[in-house]
Peer 1: 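Structure in structure tokens, see below.
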Amino acid sequence: MSVKSFAVISISRGEYEQLVHRGRAGAVPAIESTPVLDRWRAEHPDWRGRHWRFIADDRDVLRLRPLNVTRAERRPIAA
């Protein structure tokens, strides 16, 4: 079985919250399998190690993948 290489996706906090609401993303403590986390850390040094999501592959099978969530933008306070 070959493993396809993939980049870690980064999404906004709002997009992440929507995925969590639909059960398609979550925080890393929800994953109990440390071999998965160890592999992700080794394969993706740019992954922050906090979030995951399900992504459909070319056969529409949901696969668990690492995910980065961008920090909320700080908007200046109107004077």
Side-chain angles (χ1 to χ4, degrees):
M1 178 169 95
S2 67
V3 177
K4 290 184 181 180
S5 178
F6 56 90
V8 176
I9 295 172
S10 293
I11 62 173
S12 71
R13 174 65 58 183
E15 290 172 301
Y16 172 73
E17 294 298 332
Q18 289 176 2
L19 289 171
V20 169
H21 179 72
R22 293 185 302 213
R24 295 194 61 170
V28 165
I31 301 174
E32 296 177 10
S33 176
T34 56
V36 171
L37 300 179
D38 293 342
R39 187 179 77 230
W40 285 355
R41 286 184 183 109
E43 293 176 358
H44 306 285
D46 58 332
W47 179 51
R48 294 186 192 118
R50 297 182 187 148
H51 303 96
W52 58 267
R53 76 176 284 187
F54 286 114
I55 297 177
D57 68 6
D58 56 349
R59 296 180 183 165
D60 291 329
V61 175
L62 294 178
R63 304 287 182 186
L64 193 61
R65 298 288 186 243
L67 174 70
N68 286 331
V69 177
T70 59
R71 293 185 175 104
E73 293 181 21
R74 295 184 184 192
R75 297 180 186 208
I77 299 173

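In what follows, every heavy atom counts, from backbone to side chain, and hydrogens, waters and symmetry copies are set aside. Predicted, not measured: the structure shown is a model, and the values here were computed from it. Residues take their numbers from the sequence shown, with the count starting at 1.
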Peer 1: Do the side chain of Trp47 and the main chain of Leu67 share a donor and acceptor less than 3.5 angstrom apart?
Peer 2: yes
Peer 1: Does Asn68 offer a backbone N or O that forms a donor-acceptor pair with the side chain of Asp46 under 3.5 Å?
Peer 2: no
Peer 1: Sorted by first residue and then second, give each salt bridge (Lys or Arg N to Asp or Glu O under 4.0 Å) pair with at least one member in residues 47-56; sequence neighbours left out.
Peer 2: none
Peer 1: Could you check Leu64 against Trp40 for side chain to side chain contact (heavy atoms under 4.5 Å, CB included), going step by step and ending with a plain yes or no?
Peer 2: CA-CA 10 Å; Leu64 193 61; Trp40 285 355; 3.6 Å; yes
Peer 1: When clusters are formed by joining ILVMFWY residues with side-chain heavy atoms under 4.5 Å apart, either directly or through shared neighbours, do Val69 and Val20 land in the same one?
Peer 2: yes
Peer 1: Show me the side-chain donor-acceptor pairs of residues 8-16 shorter than 3.5 Å, one per line, residues at least two apart or across chains.
Peer 2:
from	atom 1	to	atom 2	distance (Å)
Ser12	OG	Glu15	N	3.1
Ser12	OG	Glu15	OE1	3.2
Glu15	OE1	Ser12	N	2.9
Tyr16	OH	Gly26	O	3.4
Tyr16	OH	Ala27	N	3.4

Peer 1: Can you give me the closest heavy-atom contact between Pro66 and His44, atom names plus distance?
Peer 2: CG-CD2, 4.0 Å
Peer 1: I'd like to check the side chain to side chain contact (heavy atoms under 4.5 Å, CB included) partners of Gln18; sequence neighbours left out, ordered by chain and number.
Peer 2: none
Peer 1: Sequence neighbours excluded, which residues qualify as side-chain hydrogen bond (donor to acceptor under 3.5 Å, both in side chains) partners of Asp57?
Peer 2: Arg63
Peer 1: Shortest non-hydrogen contact from Ala42 to Pro45?
Peer 2: O-CD, 4.4 Å
Peer 1: Can you sort out the partners of Leu62 under side chain to side chain contact (heavy atoms under 4.5 Å, CB included), two or more places apart, ordered by chain and number?
Peer 2: Arg24, Phe54, Ala56
